[in-house]
Participant: 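Following this message is one structure expressed as structure tokens.
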Amino acid sequence: FFFKQKTAYEITRWTGVQTCALPISPGNGAWLVGLGISLQALGKTNEAADAFLQALADPALPAPLHDFAMQQSTRVRGQRP
């Protein structure tokens, strides 16, 4: 139980860091993929799907991250309520 709480707390903090960093580098696909992963871990599937889709719009996103974001975007959209 303690481990789960600690992990959720750390993910929430990391999501906050990523959200604060995005205005500094808007449209940064790598940051958006990280944000999508964090949001997905918190169960925020709509927000996660949006982050993955925004990441795909970054032309500088490396191919492996692009493929991962595409895969996760499809997966998360399937989990939407």
Side-chain angles (χ1 to χ4, degrees):
F1 178 74
F2 174 75
F3 178 74
K4 247 185 172 176
Q5 277 188 325
K6 184 177 180 192
T7 303
Y9 172 74
E10 289 171 353
I11 291 171
T12 301
R13 284 190 60 211
W14 180 242
T15 302
V17 168
Q18 291 169 320
T19 302
C20 290
L22 281 170
I24 297 168
S25 184
N28 183 314
W31 277 102
L32 288 162
V33 169
L35 180 60
I37 292 168
S38 296
L39 291 167
Q40 188 177 12
L42 292 171
K44 298 183 176 187
T45 55
N46 289 333
E47 294 93 336
D50 291 342
F52 289 127
L53 289 174
Q54 288 176 34
L56 293 170
D58 181 1
L61 189 65
L65 276 180
H66 183 276
D67 294 345
F68 178 79
M70 180 72 77
Q71 179 184 55
Q72 293 298 64
S73 172
T74 302
R75 181 174 173 216
V76 172
R77 281 192 307 240
Q79 295 174 352
R80 285 184 176 186

Participant: Could you measure the distance from the CG atom of L61 to the CE atom of M70? Nearest 0.5 Å is fine.
Facilitator: 10.0 Å
Participant: Which heavy-atom pair separates G29 from D58 by the least distance, and what is that distance?
Facilitator: N-OD2, 2.7 Å
Participant: What distance do W31 atom CH2 and Q54 atom CD have between them, rounded to the nearest 0.5 Å?
Facilitator: 15.0 Å
Participant: State, to 0.1 Å, how close A51 and L39 come at their nearest heavy-atom pair, and which atoms those are.
Facilitator: CB-CD1, 4.5 Å
Participant: As an exercise, state the distance from CG of L35 to NZ of K44, rounded to the nearest 0.5 Å.
Facilitator: 10.0 Å
Participant: Minimum heavy-atom separation for L56 to A69, with atom names?
Facilitator: CD2-CB, 3.8 Å
Participant: With rounding to the nearest 0.5 angstrom, report the CD1 to CG distance, I37 to L42.
Facilitator: 12.0 Å
Participant: Minimum heavy-atom separation for A48 and G36, please, with both atom names.
Facilitator: CB-O, 3.5 Å
Participant: Begin from the C-alpha positions of F52 and L32 and carry the test side chain to side chain contact (heavy atoms under 4.5 Å, CB included) through to its verdict.
Facilitator: CA-CA 6 Å; F52 289 127; L32 288 162; over 6 Å; no
